[in-house]
Amino acid sequence: MRNVIYVTGILFVLIGCRNATAPVQPELGEEIKADFGKEIMISGADVAVEFVDLVEDSRCPDGVVCVWAGNAQVAIRINDEEAKLNAYLEPKEKVVSKYNVALISVDPYPQTDIEIPENKYTATIRITKE
């Protein structure tokens with residue numbers, strides 16, 4: 001009986017590890033949360049996407065009254081081409097490597113007196129066939 005419990009426990013651990021490391025591959029047309037510096041492969045298409053640079057984040061921090069709302073600009077790489085997209089200004093979307101890429105949002109939103117490291121940013125994008 002003790003061996004059955006031991007073997008069952010090992011199986012649960014192995015199954016849990018397998019599921020934890022299985023990459024999620026989004027499809028064209030879905031919203032994709034792209035973590036800074038991590039490449040994502042699009043399911044069913046020959047497309048590699050990467051959030052490669054936070055060019056600017058001048059958005060007005062939460063709880064602060066600003067004259068201008070500011071902007072967040074990111075560089076997104078699709079296959080071997082790169083596009084700079086904006087959260088509030090144009091362009092918010094571009095055709096890159098035969099695919100239309102649109103920036104939906106940039107997170108986290110700035111906070112007063114808190115510096116956010118680049119690697120903590122996520123760009124939510126949508127990619128569709130041109």
Side-chain angles (χ1 to χ4, degrees):
M1 182 67 172
R2 181 183 256 175
N3 287 341
V4 171
I5 293 172
Y6 180 73
V7 170
T8 304
I10 289 174
L11 287 174
F12 279 121
V13 168
L14 292 174
I15 290 169
C17 289
R18 187 189 66 152
N19 290 338
T21 60
V24 175
Q25 287 191 321
E27 296 183 11
L28 288 175
E30 292 181 345
E31 284 191 8
I32 301 166
K33 288 199 178 278
D35 293 332
F36 185 86
K38 295 197 174 123
E39 186 174 86
I40 300 168
M41 297 301 294
I42 305 298
S43 180
D46 190 22
V47 180
V49 180
E50 185 178 358
F51 172 12
V52 292
D53 191 18
L54 176 68
V55 179
E56 137 187 30
D57 190 359
S58 62
R59 296 175 292 174
C60 185
D62 277 339
V64 175
V65 177
C66 299
V67 177
W68 183 57
N71 185 48
Q73 185 180 67
V74 299
I76 303 291
R77 184 181 51 77
I78 307 288
N79 295 336
D80 292 330
E81 294 183 45
E82 201 172 286
K84 290 183 180 170
L85 301 171
N86 296 292
Y88 300 120
L89 303 175
E90 294 297 330
K92 295 178 184 175
E93 61 183 80
K94 276 189 175 179
V95 174
V96 183
S97 192
K98 299 182 182 177
Y99 292 90
N100 186 62
V101 58
L103 180 62
I104 312 275
S105 65
V106 178
D107 293 304
Y109 200 84
Q111 303 292 315
T112 305
D113 299 328
I114 297 174
E115 189 167 331
I116 303 165
E118 255 186 356
N119 66 351
K120 298 297 182 190
Y121 279 88
T122 299
T124 302
I125 58 175
R126 180 178 292 117
I127 300 172
T128 54
K129 191 86 168 156
E130 180 185 31

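Note that this is a predicted model, so its numbers are computed, not measured. This chain uses plain numbering: 1 for the first residue, then up along the sequence.
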- Task: Evaluate the criterion side-chain contact (heavy atoms from CB on, under 4.5 Å) for residue pair Val49 and Val101; output intermediate values, then yes/no.
- Result: CA-CA 10 Å; Val49 180; Val101 58; 6.0 Å; no

When rounded to the nearest 0.5 angstrom, what distance separates [atom1] in [X] from [atom2] in [Y]?
{"X": "Glu81", "Y": "Lys98", "atom1": "CD", "atom2": "NZ", "value": "9.5 Å"}
{"X": "Glu130", "Y": "Tyr99", "atom1": "CD", "atom2": "OH", "value": "10.5 Å"}
{"X": "Asn86", "Y": "Glu93", "atom1": "CG", "atom2": "CD", "value": "12.0 Å"}
{"X": "Asn100", "Y": "Arg126", "atom1": "CG", "atom2": "CZ", "value": "10.0 Å"}
{"X": "Gln111", "Y": "Asp62", "atom1": "CD", "atom2": "CG", "value": "4.5 Å"}
{"X": "Asp46", "Y": "Asn79", "atom1": "CG", "atom2": "CG", "value": "6.0 Å"}

Which pair of heavy atoms, one from [X] and one from [Y], lies closest together, and at what distance?
{"X": "Ala75", "Y": "Val55", "value": "N-CG2, 4.1 Å"}
{"X": "Pro110", "Y": "Ile116", "value": "CA-CD1, 4.2 Å"}
{"X": "Met41", "Y": "Gln25", "value": "CB-NE2, 3.4 Å"}
{"X": "Glu39", "Y": "Arg77", "value": "OE2-NH2, 2.9 Å"}
{"X": "Val52", "Y": "Ile76", "value": "CG2-N, 4.4 Å"}
{"X": "Ala102", "Y": "Leu85", "value": "C-CD1, 4.5 Å"}

- Query: Donor-acceptor pair, Arg59 side chain versus Ala87 backbone, under 3.5 Å?
  - Reply: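 Not at all, since once roles are kept as given, no pair shorter than 3.5 Å links the two residues.
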
- For Asn71, does its backbone N or O pair with a side-chain atom of Ser58 as donor and acceptor, under 3.5 Å?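 Looks like yes, one N/O pair under 3.5 Å.
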
- Item | Greater than 12 external heavy atoms within 6.0 Å of Asp80's CG |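 Atom CG in Asp80 is not crowded, with 12 or fewer foreign heavy atoms closer than 6.0 Å.
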
- Task: Carefully, step by step, assess Phe51 and Thr122 under the rule side-chain contact (heavy atoms from CB on, under 4.5 Å).
- Result: CA-CA 8 Å; Phe51 172 12; Thr122 299; 5.6 Å; no

- Item | Heavy-atom side-chain contact between Phe36 and Pro117 under 4.5 Å |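 No, their side chains stay 4.5 Å or more apart.
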
- Query: Leu28 versus Ile127: any side-chain heavy-atom pair under 4.5 Å?
  - Reply: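 Yes; the side chains approach each other to less than 4.5 Å.
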
- Going through the distances and angles, do Glu82 and Asp53 end up as a side-chain contact (heavy atoms from CB on, under 4.5 Å)? CA-CA 10 Å; Glu82 201 172 286; Asp53 191 18; 5.7 Å; no

- Message: Go through it in stages, so that I can follow the logic: the residues are Val74 and Tyr121, the test is side-chain contact (heavy atoms from CB on, under 4.5 Å), and I'd like the CA-CA distance, side-chain angles, deciding distance and then a yes or no.
- Response: CA-CA 10 Å; Val74 299; Tyr121 279 88; over 6 Å; no

- Transitive ILVMFWY side-chain link Val95 to Ile32, under 4.5 Å: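 No; tracing contacts between hydrophobic side chains, which count when under 4.5 Å, never links both residues.
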
